[in-house]
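Everything quoted here is computed from the prediction, not taken from an experiment.
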Amino acid sequence: MSYALPDYLTRHARFDDCPPGHRFGLYFDGWTQDFSIPRDGKTGLFRTVAGALPEHSRQALRALCARQQMLAGSLGDSLLTHPARLTAPLATGLGNEHPLENGFAFLTPHGLPYLAGSGVKGVLRRAAEELESGEWGDTCGWDKTAIDLLFGPGEENPERDTHARRGALMFWDLFFQPPSDNAPLLAVEIMTPHHSQYLQHDGHPHANEQPTPIPFLAVAAGSHCTLYVQCNPALIPADHAELRDGWRALIEAAIDLAGEWLGFGAKTAVGYGRLEIDPKVRAQREAEREKQERERQQREAEAALALKPADQQLLDRLTKRLDTLPTDPRTAKPIPQLTSGKDWQ
């Protein structure tokens, strides 16, 4: 193997301890002496890159995520934090130029995989547009005005160039943590296109043609990430002030649809890039929503009770108390308790 580097840099040094992005790009060592790809194929070279995540790179990745988390804590309600994990591998940057033909997106200068915020925005905008169209039944509150104000004018908007305006939302870059401390962050995936002679040359499609395995890099399934969406309420007009409080629910609905059905990154049509909210966080949020709903119902009931006469308030309290008493199995009637309280007296 040879490095595409001067001899004085490689004479006494190896680059096995480099981040995966550096092994894949700057210090790529997959060349033969004549700078051709080895005869044993590309898979082994991809596996070398996928296994390159030394401890200093893990620490740098944790530091990047901690920096995002610290900044998120200072922004308060203007930021939506959505912890998630990949349920399928995620590929990004496959179209980047590379000697192995299939590239990958690494963050410079850290050499760590990431998904740019612009890519996150594109997927969530598409999810919002599909929800708004009614294709999935419930629109979850999305309409064309909300999409235009939160994401900005779309490509089909004729005023996009003449009256430039940005949307109220900002989408942070997405970083991934390995499933566990010693687990790899990257994986080698294989696609096997058929009928290459027909698609690329002058052949004809037939059942006897051999598929061609093509390896590529992807973030491993099970990896953790956190989506951060920031809102600038000053960019939402006063006549649509409801979006200043309701944008979070709208974005959560778009993330759920995108994570389960649309996918993030590349090759989403064949199932890549799926993610789901962290199960523990989902349980906490559902419990919080149920608590808020109970408190809302209780406040409404107390407000309605306060408007009634005193004797009707007493009757309502007694009726509510009867609903909580044990019943006689023979008559199915409540059994009054001596310790039921002052209302019985």
Side-chain angles (χ1 to χ4, degrees), residues 61 64-86 90-93 95-96 104-108 110 112-132 140-157 160 164-177 219 223-236 240 243-266 268 272-278 281 285:
L61 184 57
L64 284 171
C65 295
R67 188 180 307 170
Q68 282 191 324
Q69 186 177 5
M70 182 175 62
L71 180 58
S74 66
L75 294 175
D77 294 337
S78 65
L79 190 78
L80 170 68
T81 302
H82 189 95
R85 69 180 184 90
L86 291 175
L90 182 143
T92 175
N96 293 346
F104 198 79
F106 290 100
L107 180 67
T108 304
H110 304 283
L112 298 171
Y114 80 114
L115 180 62
S118 57
V120 177
K121 178 181 179 181
V123 175
L124 295 185
R125 183 182 187 115
R126 179 186 166 196
E129 291 172 346
E130 292 201 7
L131 286 171
E132 183 274 331
C140 298
W142 281 105
D143 55 33
K144 292 186 180 298
T145 301
I147 295 174
D148 184 65
L149 292 177
L150 295 179
F151 290 95
E155 295 181 357
E156 71 286 351
N157 192 327
R160 178 177 181 177
R165 176 179 53 80
R166 59 162 294 178
L169 299 182
M170 293 176 285
F171 300 84
W172 295 13
D173 291 343
L174 193 59
F175 298 106
F176 304 93
Q177 292 276 9
V219 180
S223 299
H224 300 274
C225 59
T226 302
L227 285 82
Y228 294 99
V229 183
Q230 186 178 351
C231 180
N232 184 357
L235 297 177
I236 300 177
H240 294 90
L243 283 178
R244 296 179 181 178
D245 297 324
W247 69 271
R248 300 171 66 89
L250 295 177
I251 289 298
E252 284 183 351
I255 292 176
D256 289 341
L257 177 66
E260 184 176 2
W261 294 102
L262 303 184
F264 292 80
T268 56
Y272 284 84
R274 302 304 193 264
L275 58 80
E276 66 178 4
I277 188 172
D278 187 284
V281 176
R285 291 185 176 180

- prompt: Does L86 reach the side chain of Y272, with side-chain heavy atoms less than 4.5 Å apart?
  reply: no
- line: In short, side chain to side chain donor-acceptor pair (under 3.5 Å) pairs touching residues 112-123 with sequence neighbours left out are none
- request: Have a look at L174 and tell me which of T92, L90, L227, V219 forms a side-chain contact (heavy atoms from CB on, under 4.5 Å) with it.
  value: L227
query: Donor-acceptor pair, R244 side chain versus A234 backbone, under 3.5 Å?
result: no
- request: Taking all heavy atoms of V123 and all of A258, pick out the closest pair and write down the distance.
  value: CG1-CB, 3.6 Å
task: Sequence neighbours left out, what passes salt bridge (charged side-chain N to carboxylate O under 4.0 Å, His left out) with E260? Give chain and number order.
output: none
message: Could you report the tightest heavy-atom contact between L79 and A72, atom names first, then the distance?
response: CD2-CB, 3.1 Å
field: Inter-residue atom distance L262.CG - L257.CG, 0.5 Å rounding
entry: 4.5 Å
- prompt: Quick one: CG on L80 to OG1 on T226, what's the gap to the nearest 0.5 Å?
  reply: 11.0 Å
- request: With sequence neighbours excluded, tell me which residues meet side-chain hydrogen bond (donor to acceptor under 3.5 Å, both in side chains) with E130.
  value: R126, W136
- line: Sequence neighbours excluded, the answer for salt bridge (charged side-chain N to carboxylate O under 4.0 Å, His left out) partners of R166 is none
- line: With sequence neighbours left out, the residues meeting side-chain hydrogen bond (donor to acceptor under 3.5 Å, both in side chains) with R67 are none
task: Keeping the roles fixed (side chain from N232, backbone from A168), state whether a donor-acceptor pair exists under 3.5 Å.
output: no
query: Is there any side chain to side chain donor-acceptor pair (under 3.5 Å) pair reaching into residues 70-86, and which pairs are they, with sequence neighbours excluded?
result: R85-E276
query: Residues two or more places apart in sequence or in another chain: which of them pass ring-ring contact (aromatic ring centres under 6.0 Å, His included) with F171?
result: F151
message: W172: which residues meet the side-chain hydrogen bond (donor to acceptor under 3.5 Å, both in side chains) condition with it, sequence neighbours left out?
response: Q230
message: Which residues pass the side-chain hydrogen bond (donor to acceptor under 3.5 Å, both in side chains) test with R125, not counting sequence neighbours?
response: E129
query: To the nearest 0.5 Å, how far apart are CG in L124 and CG in L169?
result: 9.0 Å
field: F106: ring-ring contact (aromatic ring centres under 6.0 Å, His included) partners, not counting sequence neighbours
entry: F24, F104
task: Flag the pair C231 / I236 as yes when at least one side-chain heavy-atom distance between them is below 4.5 Å, and no otherwise.
output: yes
task: Mind listing the closest non-hydrogen atom pair of C225 and F176 along with its distance?
output: CB-CD2, 3.7 Å
- line: Of all heavy-atom pairs linking P113 and F175, the shortest is O-CD2, 4.3 Å
Return all side-chain donor-acceptor pairs below 3.5 angstrom for residues 142-149, not counting sequence neighbours, or 'none' if the list is empty.
| unit_1 | atom_1 | unit_2 | atom_2 | d |
| --- | --- | --- | --- | --- |
| W142 | NE1 | L250 | O | 3.0 |
| D143 | OD1 | T145 | N | 3.2 |
| D143 | OD1 | A146 | N | 2.7 |
| D148 | OD1 | R165 | NH2 | 3.2 |
| D148 | OD2 | R165 | NH2 | 2.6 |

task: Search all heavy atoms of D173 against all heavy atoms of Q68 and return the closest pair with its distance.
output: O-NE2, 3.0 Å
- line: Correct closest heavy-atom pair for L112 and L64 would be CD1-CD1, 4.0 Å
